[in-house]
Amino acid sequence: MIDFEACFSSVPENSVLILDNAIPLGAYSNIDMSSQHAIRKNLKLSDPHTCQKFIDQEMSRLRASVVYGGYLEKRNLYLGNINFQSGEDLRNIHLGIDFWTKVGTKVVAPLPGQVHSFKNNTQRGDYGPTIILSHRLKNFSFFTLYGHLSVESLNGLYKGKRFEKGDILGALGSSDINVNYAPHLHFQVIMDLEGNEGDYPGVCSQKDLQFYKKNCPDPNCILKMN
Ligand SMILES: [Zn+2]
């Protein structure tokens with residue numbers, strides 16, 4: 001069986017936008033939000049105000065409108081959120097790519113798909129309003145998850161609703177809606193949803209990393225940023 005990453009590497013395509021097409025690719029910059037970096041800089045990123053300040057500083061330092069990154073990044077962003085800790089298994093390894101930019105920024109479908117499920121995950125530290133699309137490509141079926149959206153993004157959705165590449169999916173939610181993060185899109189690829197609807201773990205513990213790494217391949221296979 002060819003794997004997901006190999007499947008996408010055979011798609012001859014340039015970078016694919018996932019936010020408002022009016023923001024050019026040159027305005028995106030990669031950032032480091034790892035716990036190592038946060039400790040070095042003495043940043044408590046689990047506080048949304050500190051996090052926002054860090055994002056703003058990085059945007060101005062890099063002259064970027066969008067800063068992004070974080071696939072398999074070990075973070076201390078989630079400390080203090082009790083639902084990220086189960087016994088000794090601290091879930092702090094990030095399974096998607098985050099795109100940090102202004103609240104209200106449009107999110108567009110990076111590839112054609114249809115709505116699998118959607119939900120407002122309102123617990124602190126969750127995704128807030130979330131959409132999951134299902135896709136088929138070369139006999140592969142897989143899912144993409146869009147988290148931390150606005151409440152309005154879920155209006156008019158129904159299971160099976162079709163989106164073409166570039167169609168507007170929704171917009172970034174504010175901290176009170178998204179739930180308690182600086183505004184950003186969480187984008188994740190999922191091979192097997194394991195029965196979930198409108199939600200799926202976005203971080204994992206070191207113990208479960210091998211499973212999740214395989215089940216949630218690098219979203220950059222689709223986006224081809226860099
Ligand atoms: Zn995220």
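This chain uses plain numbering: 1 for the first residue, then up along the sequence. One-based numbering, in listed order, for ligands and for the atoms of each. The shown structure was predicted, so the numbers you read here are calculated from the model rather than taken from an experiment. Scope of the values below: all heavy atoms of this structure, side chains included, with no hydrogens, waters or symmetry mates.
Residue pairs meeting the ring pair (Phe, Tyr, Trp, His ring centres under 6.0 Å) criterion with at least one member in residues 194-226: none, sequence neighbours excluded.
Among the atoms of His94, an N, O or S atom falls under 2.8 Å from the Zn ion (ligand 1).
Side-chain atoms of Ser34 and Asp32 include a donor-acceptor pair closer than 3.5 Å.
The N, O or S atom of Asp98 with the smallest distance to the Zn ion (ligand 1) is OD1. Nearest N, O or S atom of His186 to the Zn ion (ligand 1): atom ND1.
By the 4.0 Å N-to-carboxylate-O rule, Asp167 lies too far from Lys161 to be salt-bridged with it.
At least one donor-acceptor pair under 3.5 Å links the side chain of His94 to the backbone N or O of Gly70.
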